[in-house]
Protein chains: 2
Amino acid sequence: MAVDREQVLKEAAALLTRRATTSMDEIARAAGISRATLHRHFAGRDALIKALEEQGIAQFGQAMDSARLDEGDAAGALRRLITETEPVADMLAFLATENQLFEGDEVNAGWDRLDARITALFRRGQEEGDFRIDLSPAWLAEALYGLIGAGAWAVHEGRVARNDLHHSIAELLLGGIRRSMEK
Amino acid sequence: MAVDREQVLKEAAALLTRRATTSMDEIARAAGISRATLHRHFAGRDALIKALEEQGIAQFGQAMDSARLDEGDAAGALRRLITETEPVADMLAFLATENQLFEGDEVNAGWDRLDARITALFRRGQEEGDFRIDLSPAWLAEALYGLIGAGAWAVHEGRVARNDLHHSIAELLLGGIRRSMEK
DNA sequence: ACCGAATGAGACGTCAATGTCTCACACCCT
DNA sequence: AGGGTGTGAGACATTGACGTCTCATTCGGT
């Protein structure tokens, strides 16, 4: 009976996002396996975290591929990205919350690559005259991560319906809060 | 030489936001004091966390008072809030990131009160026709926390200038990314 | 210059989590 | 039925952080 590695990581991400000090034992029990088995699949806590980061990065990268960031207008690409991102929102929330842990060079490099693609998307939007230029691409990228994290958290807390998530994030990011469009 | 309790808490917030497992020793050194002194001022880690939460809530509450959330239009109030919030952004980032830790009833109640005030502000904006109504006040509140946290982090990383912070947050939140104002 | 208070450095004991190991059991395939 | 694999349960030593304590030093006010 092979352990579902992906499922274990998903549980771990959910727990660690809520409480970074969650013990290996708690993670194991949440995943429905014993601590011994958890250690058989992940050499240790560090290895688990690293696997989590790697999978998160891989999934985020796939979401970006699926979103075809280079096609169409930047706003549409951003909407697609947010939609594609939804299934891995927990993972992303973990990455955004815990990216301070990045100490491995590879993981760092992997994240930098993703970040560069996001930043480039915002820059493209600005160059095409679609996005305002008084907000830096770097900030917009950080804001996107923050909103995705906040969204995942809000869903967890039941403050936002999961179905509304992309809409909530995309509309806020693209259109802001204001109802009327006059300055 | 009285230890600057407030400064210690601020440092602690910055560190703990980045890495929740930061040791007492690291916090002490970051604050420029010895571990012994840190323990003299805070009975233990739990006490430190609690003090952090309490001060964060108190400071956030003061920022809300200073912002006079009930005066003028909601957008203006929100701008004032973000401006007033800037000095305690680290604290707020900690609260927003770690509020999952809330286990003490008092702390929880205190946060709920603040959250209610923020939510009420967004609701007022909607009722006055200033804010769009397809985004729930609860989500807007979460988004605000997320953006403040992301902003504090971005400043830490040098990706955003501290002086640009309120502008970056307020403009994004109020106006969104789009340059042009047509739908 | 002096004295009390506060701090820094470090030495403990304690404890929870970790990582490793063994052994028994359940499952699967032939 | 039988061998192989994967798992659960638990024991065990190790590690690192924690909390407490002592003592020398420094700082600050008078």
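Each chain gets a letter, A, B and so on, in the order its sequence line appears, and its residues count up from 1.
- Atom CZ of A:Arg5 is separated from atom C1' of D:dG6 by 16 Å (rounded to the nearest Å).
- OP1 and OP2 of C:dA6 both lie 4.0 Å or more from every side-chain N or O belonging to B:His41.
- Scanning atom types as modelled, no donor and acceptor separated by under 3.5 angstrom connect the side chain of A:Arg35 and the base of D:dG8.
- Note: NE2 (B:His39) to C1' (C:dG10) measures 14 Å, nearest angstrom.
- Between A:Leu38 atom CG and C:dG19 atom C1' there is a gap of 11 Å when expressed in whole angstrom units.
- As rounded to whole Å, 14 Å separates atom P of D:dG28 from atom CG of B:Asp4.
- Comparing C:dC21, D:dC18, C:dA17 against the side chain of B:Met24 picks out D:dC18 as the nearest.
- Of the inter-residue distances, the one linking B:Ile133 atom CD1 with B:Arg123 atom CZ reads 13.0 Å to the nearest 0.5 angstrom.
- Taking every side-chain heavy atom of A:Ala36 into account, D:dA9 is the closest of D:dA9, C:dA17, C:dA9.
- Under 4.0 angstrom from either OP1 or OP2 of D:dG8 there lies at least one side-chain N or O belonging to A:Ser34.
- Between B:Trp111 and B:Tyr145, the distance separating the two ring centers is shorter than 6.0 angstrom.
- Rounded to an integer number of Å, the gap from A:Glu26 CD to C:dA16 P is 14 Å.
- With rounding to the nearest 0.5 angstrom, the CG atom of B:Asp90 is 8.5 Å from the CD atom of B:Glu11.
- Minimum atom distance to the side chain of A:Arg40 is reached by D:dG8, of the listed D:dG8, C:dT18, D:dC21.
- Nucleotide C:dA17 holds its P atom 17 Å from the CG atom of A:Asp46, rounded to whole Å.
- Residues B:Asp115 and A:Arg159 are paired through a salt bridge, judged by an N-O separation under 4.0 Å between the basic side chain and the carboxylate.
- Under 4.0 angstrom from either OP1 or OP2 of D:dA17 there lies no side-chain N or O belonging to B:Ser23.
- At whole-Å resolution of the value, CZ in A:Arg29 and P in C:dT18 are 11 Å apart.
- In this structure, A:Asp25 places its CG atom 12 Å from C1' of D:dA9, rounding to the nearest Å.
- Residue B:Arg68 qualifies as enclosed at atom CZ: its count of foreign heavy atoms under 6.0 Å is above 12.
- Residue contacts for A:Arg45: at a heavy-atom cut-off of 4.0 Å it reaches the sugar-phosphate backbone alone, with no base atom in range.
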